[in-house]
Amino acid sequence: MNLVPDAMLTALAFTAYDTILRNSTTLGKNDERAQLVEKVGAKIQHVVETYMQQNGMGKDLKNFKWDYNTIDAATVNAWCMPGGKVVVYTGLLPYTQNENALAVVMGHEIAHAIAHHGNERMSQGLLISLGGMILQDALKEKKAETQALFLGLYVVGSNLAFSLPNSRAQESEADQLGLIFAAMAGYDPAEAIPFWQRMNAGSKNKVPEFLSTHPSNETRIKKLATLVPEIKSKYSNQP
């Protein structure tokens with residue numbers, strides 16, 4: 001479900017990206033960590049462009065203007081905005097530990113952009129907001145306490161039944177595509193498993209999976225373990 005024009009979403013993403021970089025400390029191009037992110041990003045980008053062309057989706061990349069930056073911060077995260085704007089935080093690197101694991105993570109984040117997950121989430125948010133407005137209008141003659149109760153139930157229900165499960169599905173899709181892109185670029189997708197084991201060991205205050213936008217680390221590791229053998233045999237060093 002994509003209700004927002006890609007060109008509009010990409011323009012918004014580019015503006016947000018520039019704002020984040022202006023307000024962050026990025027590593028210089030001579031820093032080995034930044035060079036590694038650039039190297040991995042370029043290899044993933046190449047196979048993504050090939051994959052999209054092979055699957056008749058090359059036009060989906062027409063608004064992409066690839067860029068890679070490493071932000072010096074303790075945040076354990078990486079992301080790719082619509083349009084190919086990629087950021088890796090230095091706080092993630094102690095968990096990736098090697099180039100193969102970094103490729104898996106960057107492949108995953110780039111997969112979110114390739115699969116239009118940003119547009120899907122924004123579209124879902126628009127629909128949920130519209131539903132809330134309709135419900136609020138329908139309740140306008142009711143007592144304030146009744147309005148608050150029903151609107152509160154609507155927010156919780158829409159998140160549990162719609163937003164969170166869809167987000168978990170997007171994460172699983174990005175996991176699979178990320179493994180494919182890493183394997184195609186010549187990396188070992190099996191590194192995803194020890195990476196997530198390290199992430200799991202470092203996790204604190206774990207949220208129950210049904211209340212999370214992400215699969216639990218345990219669920220993710222089990223799923224990755226089933227995907228890796230087939231992906232390695234089918235996509236390693238392709239093209």
Side-chain angles (χ1 to χ4, degrees), residues 1 36-37 40-41 43-57 60 76-80 86 88 92-121 124 159-239:
M1 176 170 39
L36 180 61
V37 169
V40 173
K43 293 178 73 172
I44 297 292
Q45 174 188 334
H46 173 70
V47 299
V48 163
E49 291 170 345
T50 300
Y51 179 90
M52 297 296 280
Q53 289 290 343
Q54 289 175 344
N55 288 278
M57 297 181 290
D60 287 4
V76 184
N77 199 13
W79 42 261
C80 177
V86 181
V88 173
L92 177 71
L93 301 180
Y95 290 90
T96 54
Q97 296 186 1
N98 60 71
E99 188 172 337
N100 285 285
L102 180 61
V104 168
V105 175
M106 292 182 69
H108 169 97
E109 297 304 331
I110 289 171
H112 277 305
I114 297 303
H116 302 286
H117 289 166
N119 200 325
E120 288 177 7
R121 292 184 186 184
Q124 291 162 10
N159 274 298
L160 293 181
F162 188 60
S163 299
L164 297 183
N166 277 329
S167 294
R168 290 196 294 271
Q170 290 171 351
E171 285 297 312
S172 296
E173 183 181 16
D175 277 346
Q176 183 170 357
L177 285 172
L179 293 182
I180 291 172
F181 297 152
M184 289 178 66
Y187 293 108
D188 184 1
E191 278 296 327
I193 297 170
F195 165 74
W196 279 108
Q197 289 171 337
R198 291 191 291 271
M199 289 288 285
N200 190 45
S203 297
K204 298 178 181 179
N205 302 319
K206 297 178 184 177
V207 177
E209 183 170 357
F210 76 96
L211 288 175
S212 172
T213 59
H214 290 56
S216 71
N217 292 339
E218 293 87 352
T219 298
R220 183 171 242 150
I221 290 167
K222 290 178 182 178
K223 180 65 175 178
L224 289 169
T226 65
L227 289 172
V228 164
E230 180 182 356
I231 287 174
K232 285 186 71 171
S233 65
K234 185 175 182 180
Y235 291 100
S236 290
N237 295 304
Q238 298 293 327

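If you're wondering where the values come from, they're calculated on a predicted model, not measured in any experiment. We number each residue from 1, following the sequence as shown.
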Sequence-distant partners of K223, salt bridge (Lys or Arg N to Asp or Glu O under 4.0 Å), two or more places apart = none

Quick check: do [X] and [Y] have side-chain heavy atoms less than 4.5 Å from each other?
X	Y	result
L224	W196	yes
E173	H112	no
K232	P189	yes

What residues, two or more places apart in sequence or in another chain, satisfy ring-ring contact (aromatic ring centres under 6.0 Å, His included) together with Y51?
-> F181

Could I get the full list of side-chain contact (heavy atoms from CB on, under 4.5 Å) partners for [X], not counting sequence neighbours?
X	result
Q197	I193, P194, I221
K222	none
V88	V37, A78, L92, L93, L102, M106

Determine which pairs satisfy salt bridge (charged side-chain N to carboxylate O under 4.0 Å, His left out) with at least one residue from residues 44-53, sequence neighbours left out, and list them in order.
-> none

If you look only at pairs with a residue in residues 102-115, which of them pass as a salt bridge (charged side-chain N to carboxylate O under 4.0 Å, His left out), with sequence neighbours excluded?
-> none

Measuring from R220:CZ to M199:CE, what's the distance to the nearest 0.5 Å?
-> 8.5 Å

Shortest non-hydrogen contact from C80 to V86?
-> SG-CG2, 3.7 Å

List the steps, then state whether side-chain contact (heavy atoms from CB on, under 4.5 Å) holds for V104 with F195.
-> CA-CA 9 Å; V104 168; F195 165 74; 5.6 Å; no

Quick one: does S236's side chain have a donor or acceptor within less than 3.5 Å of a partner on S233's backbone?
-> no

Considering residues at least two apart in sequence or located in another chain, which fulfil the side chain to side chain donor-acceptor pair (under 3.5 Å) criterion with N98?
-> E191

Sequence neighbours left out, what passes side chain to side chain donor-acceptor pair (under 3.5 Å) with E99? Give chain and number order.
-> K39, Y187

